[in-house]
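Each remark here refers to the structure printed beneath this line.
Reminder, nothing fancy here: chain letters follow the sequence lines and each chain counts from 1.
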Number of protein chains: 2
Amino acid sequence: MSYATDLTETSASRAASTDTAPSQVHKPGQCTRANEVISLVGDKWSVQIVMLLGTGRHRFMEIKRAIEGISQKMLTVTLRGLERDGYVTRTVYPTIPPKVEYELTDLGLDLLEPLRALGSWALANHDRVVAARTAYDARAKAK
Amino acid sequence: MSYATDLTETSASRAASTDTAPSQVHKPGQCTRANEVISLVGDKWSVQIVMLLGTGRHRFMEIKRAIEGISQKMLTVTLRGLERDGYVTRTVYPTIPPKVEYELTDLGLDLLEPLRALGSWALANHDRVVAARTAYDARAKAK
DNA sequence: TCCCCTAGTTACCTCGACGAAACCCAAGGG
DNA sequence: CCCTTGGGTTTCGTCGAGGTAACTAGGGGA
């Protein structure tokens with residue numbers, strides 16, 4: 001493992017070719033730590049919510065209506081997770097129709113930057129991916 | 001939806017507050033398209049493989065030994081997916097112990113950049129997340 | 001009177017992601 | 001004769017993510 005995020009990563013190829021050391025040439029710690037955070041991105045809903053909250057403070061039902069497709073349960077679960085990880089704050093107004101507002105913390109705002117980078121990359125290169133996909137499928141079908 | 005990757009996104013809040021239009025004020029297309037690409041990041045293995053291939057060309061068994069924990073099946077499935085989406089190329093040498101090499105395409109190399117950004121962010125902010133997590137758990141337990 | 005609104009929680013169920021392990025070919029080594 | 005090696009495919013089983021629906025509170029509107 002060990003992503004070589006900005007380290008000079010010659011260890012991966014070395015480990016695979018030499019193979020004398022069992023499999024511990026990489027630093028598994030880094031990979032694990034990175035994954036712990038990156039796995040949030042896999043969450044189907046977390047990214048969308050963080051992106052939405054990037055536009056400012058929002059109420060629960062606002063988010064639910066904005067995300068379209070998310071269930072009540074998953075919204076609460078996801079928001080709890082984001083709160084636990086320190087990305088959002090939850091503010092409860094004990095009025096009688098309850099009112100809860102969610103807002104990004106500094107950490108959440110920080111996360112927004114690489115997330116937006118990934119998002120705009122995705123938007124920009126979407127067509128390339130679709131083209132590759134159809135080309136691949138055509139090739140596979142022709143075979 | 002609509003991530004507001006770099007657009008001025010006032011529509012999300014507007015849609016939630018006005019609520020006159022059913023739910024189509026955002027541009028759902030962008031969100032869907034972005035997700036289509038971002039969902040790759042959720043794949044538990046795709047990111048690791050792309051990162052590893054960022055260090056150069058690699059053989060199947062090399063990758064399998066380097067990733068540690070991936071099963072034969074998931075490696076083939078993930079690599080096929082990455083090949084289909086145009087991120088990696090698959091080169092078969094029809095020798096008699098078979099030899100297959102995987103390498104990032106230009107698209108894959110392009111993806112590497114936002115991925116590394118996210119990865120180094122994750123590494124840099126891992127501690128903040130863990131701290132928030134333990135603080136939250138302590139608060140929850142004390143309640 | 002009854003329903004709806006907000007922000008949840010809970011129980012139940014489904015379905016797909018993923019792992020484990022067996023099987024494949026063909027050549028080469030003991 | 002069997003094992004190994006590389007790069008798979010296939011089958012089977014599990015487990016958890018996530019959806020659905022019903023419940024909670026109290027006040028306002030028809």
Side-chain angles (χ1 to χ4, degrees), chain A residues 16-20 23 35-36 38-49 52-53 57-85 88-103 140 143, chain B residues 16-20 22-23 35-36 38-49 52-53 57-85 88-103 136 140 143:
Chain A
S17 55
T18 62
D19 205 32
T20 48
S23 65
N35 261 347
E36 208 168 322
I38 289 180
S39 67
L40 171 144
V41 182
D43 257 33
K44 188 183 186 182
W45 300 120
S46 294
V47 176
Q48 294 191 50
I49 293 176
L52 178 63
L53 290 181
R57 207 187 301 150
H58 286 283
R59 299 187 54 178
F60 184 89
M61 276 297 158
E62 266 177 31
I63 304 174
K64 181 166 189 277
R65 278 191 283 264
I67 298 288
E68 176 170 20
I70 193 168
S71 67
Q72 202 122 326
K73 185 180 116 181
M74 285 320 294
L75 183 52
T76 50
V77 168
T78 307
L79 283 171
R80 286 284 184 284
L82 292 173
E83 191 197 354
R84 188 169 104 100
D85 287 4
V88 310
T89 56
R90 188 179 113 109
T91 315
V92 182
Y93 301 88
T95 57
I96 268 311
K99 179 177 172 184
V100 181
E101 281 186 340
Y102 293 90
E103 194 174 10
K143 180 185 57 69
Chain B
S17 54
T18 62
D19 205 30
T20 50
S23 66
N35 260 347
E36 208 167 321
I38 289 179
S39 68
L40 171 144
V41 181
D43 258 33
K44 187 181 185 182
W45 300 120
S46 293
V47 176
Q48 294 191 50
I49 294 175
L52 178 63
L53 290 180
R57 207 186 302 151
H58 286 283
R59 300 187 55 176
F60 184 89
M61 278 296 158
E62 266 178 30
I63 304 175
K64 180 165 189 277
R65 277 190 283 263
I67 298 289
E68 175 170 19
I70 194 168
S71 65
Q72 201 122 327
K73 185 179 117 182
M74 285 320 296
L75 183 53
T76 49
V77 167
T78 307
L79 283 170
R80 286 284 185 283
L82 291 174
E83 191 197 354
R84 188 170 102 101
D85 287 4
V88 310
T89 56
R90 190 177 110 108
T91 316
V92 183
Y93 301 86
T95 57
I96 266 312
K99 179 176 171 183
V100 181
E101 281 186 340
Y102 294 91
E103 193 174 11
Y136 180 94
K143 180 186 57 70

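- Nearest nucleotide to the S71(A) side chain, out of dT20(D), dC18(C), dT9(D): dT20(D).
- As judged by a 4.0 angstrom heavy-atom cut-off over every strand, K99(A) is placed among residues touching the sugar-phosphate backbone only.
- In the set dG18(D), dA27(C), dA7(C), dG18(D) carries the atom at the smallest distance from any side-chain atom of M74(A).
- Remark: C1' of dG16(D) and NZ of K44(B) are 11 Å apart, rounded to the nearest angstrom.
- Listed pair R65(A) / dT6(C) meets the phosphate criterion, a side-chain N or O lying under 4.0 Å from OP1 or OP2.
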Audit row: L53(B), I63(B), side chain to side chain contact (heavy atoms under 4.5 Å, CB included) steps and yes/no: CA-CA 8 Å; L53(B) 290 180; I63(B) 304 175; 4.1 Å; yes
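- In terms of phosphate contacts, R80(B) brings a side-chain nitrogen or oxygen within less than 4.0 Å of OP1 or OP2 of dG8(D).
- The interatomic distance linking Q72(B) (CD) with dT5(D) (C1') rounds to 11 Å, in whole Å.
- Residue R59(A) places no side-chain N or O under 4.0 Å from the OP1 or OP2 atom of dT6(C).
- In this structure, of dA7(C), dG7(D), dG8(D), it is dG8(D) that holds the atom nearest to the side chain of T76(B).
- Candidate nucleotides dC12(D), dG7(D), dG18(D) were compared by shortest atom distance to the side chain of K73(B), and dC12(D) ranks first.
- Contact check for D85(A) versus Y136(B): no side-chain heavy atoms found under the 4.5 Å cut-off.
- Per the geometry, NZ belonging to K64(A) stands 11 Å off P belonging to dC5(C), to the nearest Å.
- With rounding to whole Å, L75(B) atom CG is found 16 Å from dA17(C) atom C1'.
- Comparing dG7(D), dG19(D), dT6(C) by their nearest atom to the side chain of M61(A) picks out dT6(C).
- Nearest-nucleotide assignment on DNA chain D puts the 5′-proximal partner with G42(A), out of G42(A) and P98(A).
- Atom OH of Y93(B) and atom P of dA27(C) are 21 Å apart (whole Å).
- Look at CD on E83(B): it is 14 Å from P on dG7(D), rounded to the nearest Å.
- The nearest whole Å value for the distance from the CG atom in D43(A) to the C1' atom in dG18(D) is 11 Å.
- Regarding E101(B), its CD atom lies at a distance of 13 Å from the C1' atom of dG6(D), rounded to whole Å.
- Counting heavy atoms from C-beta on, the side chains of S46(A) and L82(A) come closer than 4.5 Å.
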Stepwise side chain to side chain contact (heavy atoms under 4.5 Å, CB included) check, I49(A) with I70(A): CA-CA 10 Å; I49(A) 293 176; I70(A) 193 168; 4.2 Å; yes
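- Taking all atoms of both residues into account, the shortest heavy-atom contact from N35(B) to Q48(A) is ND2-NE2, 3.2 Å.
- Contact annotation for Y102(B): backbone-only contact, meaning every heavy-atom pair under 4.0 Å involves sugar-phosphate atoms and none involves a base.
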